[in-house]
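The structure under discussion appears below in the form of structure tokens.
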Amino acid sequence: MTITKEKIYHHLTMTSRSFAAVIQDLDEELKDPICLFYLILRGLDTIEDDMSIDLDIKIPYLKKFHEIIYQKGWNFTKNGPNEKDRQLLVEFDTVIDAFLCLKPAYQTIIADITKQMGDGMAHYATAGINVETNADYDEYCHYVAGLVGLGLSEMFSACGFESPMVAKRKDLSNSMGLFLQKTNIARDFLEDLRDKRFFWPKEIWGRYADRMEDLIKPENQAKALHCLDHMVFNAMSHIKDVLEYLSMIKNQSCFKFCAIPQVMAIATLTLVHNNYKIYTHENIKIRKGETVWLMKEAVDIDTVAAIFRYYARLLNNKTNPLDPHFIDIGVLCGEIEQVC
Ligand SMILES: O=C(O)CO[C@@H](C(=O)O)[C@@H](OCCCCCc1ccc2ccccc2c1)C(=O)NCCCCCc1ccc2ccccc2c1
Ligand SMILES: [Mg+2]
Ligand SMILES: [Mg+2]
């Protein structure tokens, strides 16, 4: 391993518990391109997430990041001291050196997704622009996660591991990202509220409270749980697309890479559903043993479908009959059972 490669995989393990493992298990042809795709977008996200950076500094960086990745020697030291992945940007020149060694086809895919994501993040970072409607919510999640799915599908098809059809089904690739991102947004309500980051759409929370922060008041517990279940129901709407996408993936290394984050997400969503701890605790996550079991089991479409069926039934059993979405969740779980 050259020094650069060692540094690259060090940054990967430092910035992501969940994605580092699945990226490192990828076939040699895709491991470096996807690792760098991850690090470049994590670098972009580290600028987006840092609320201590003035907008008139932040927004230009978000929009020009797709050009910065070609500038040898570039680093960024404007992150606040508490920004969790700031070291990645302080040493970003190593990422750029490795990116410039990739095959041009991968460089082009990465740069194109980075440009679109940066433009989308800049739009939603603009003062006064918030996630208000369900359409805004889908659009924001498309920018920060759906686009990752599109880029990954393009790489799978470009290297020949998967059919060109995988890159063509942008709707399914987009849903792969939306399911993961919406699960995290439902899970991280309290952390994001503390950071004054509002991702839950007003079209949803507005039906249960006058202000989003009212959801954490103990006297609003029943409405807060109905709101949470509405967010869970919204995320579940992507599951059919996720299963259809996974059924297209034939290469074993690509399949595990795609399937593991999805089964972790359905397990997390089931834990989050109807769980008042979302409003009282941060860092809610599934048990280590469950994670190990899911990573071992998610090896083929039949087992993954069975895992989704298992959690859909678990989630349905947890649903409170008084919940306005009780019927809808039951219908959706029934559909999942049919698709699987
Ligand atoms: O700061 C944090 O730690 C969390 O940040 C969240 C946020 O700020 O909203 C948020 O940041 C989003 C912007 C940067 C995207 C970074 C990323 C993530 C996973 C990747 C996997 C493979 C290749 C490239 C990848 C790029 C975040 O990390 N959300 C986690 C869900 C994103 C899922 C992306 C995704 C989409 C489709 C996929 C299909 C197959 C396999 C993995 C997939 C992964
Ligand atoms: Mg982030
Ligand atoms: Mg972000």
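Counting starts at 1 for both ligands and their atoms, in listed order.
Minimum interatomic distance between M295 and A21 (heavy atoms only, all atoms of both residues): CE-CB, 3.9 Å.
By the criterion of a separation under 2.8 Å, the protein N/O/S atoms near the Mg ion (ligand 3) amount to D45 OD1, E48 OE1, D49 OD1.
Contacts between D85 and ligand 1, counted as non-hydrogen atom pairs separated by less than 4.0 Å, are absent for every part of the residue. At a 4.0 Å heavy-atom cut-off, ligand 1 does not touch V22 at all. Under 4.0 angstrom from ligand 1, the non-hydrogen atoms of D49 all belong to its side chain. Only the side chain of F19 comes within 4.0 Å of ligand 1, counting heavy atoms alone; its backbone N, CA, C and O stay farther away.
The protein atom (non-hydrogen) at minimum distance from atom 4 (C) of ligand 1 is R42 NH1, 3.6 Å. Regarding atom 15 (C) of ligand 1, its nearest protein heavy-atom neighbour is V144 O, 3.7 Å.
Checked against the 6.0 Å centroid threshold, F65 and F92 count as a close aromatic pair. In this structure, F199 has its ring center no closer than 6.0 Å to that of Y137. Y140 has its ring centre less than 6.0 Å from the ring centre of Y124.
At least one donor-acceptor pair under 3.5 Å links the side chain of D229 to the backbone N or O of N274.
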### Message
Working note: D97 + K72, criterion salt bridge (Lys or Arg N to Asp or Glu O under 4.0 Å); need CA distance, chi angles, decisive distance, verdict.
### Response
CA-CA 6 Å; D97 288 343; K72 284 181 83 64; 2.9 Å; yes
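The shell of residues lying under 4.0 angstrom from ligand 1, judged by heavy atoms, excludes Q262.
Between F308 and F179, the ring-plane angle classifies as tilted under the 30° and 60° cut-offs. In this structure, F76 and Y61 have perpendicular ring planes: the angle between them is above 60°, well past the 30° mark.
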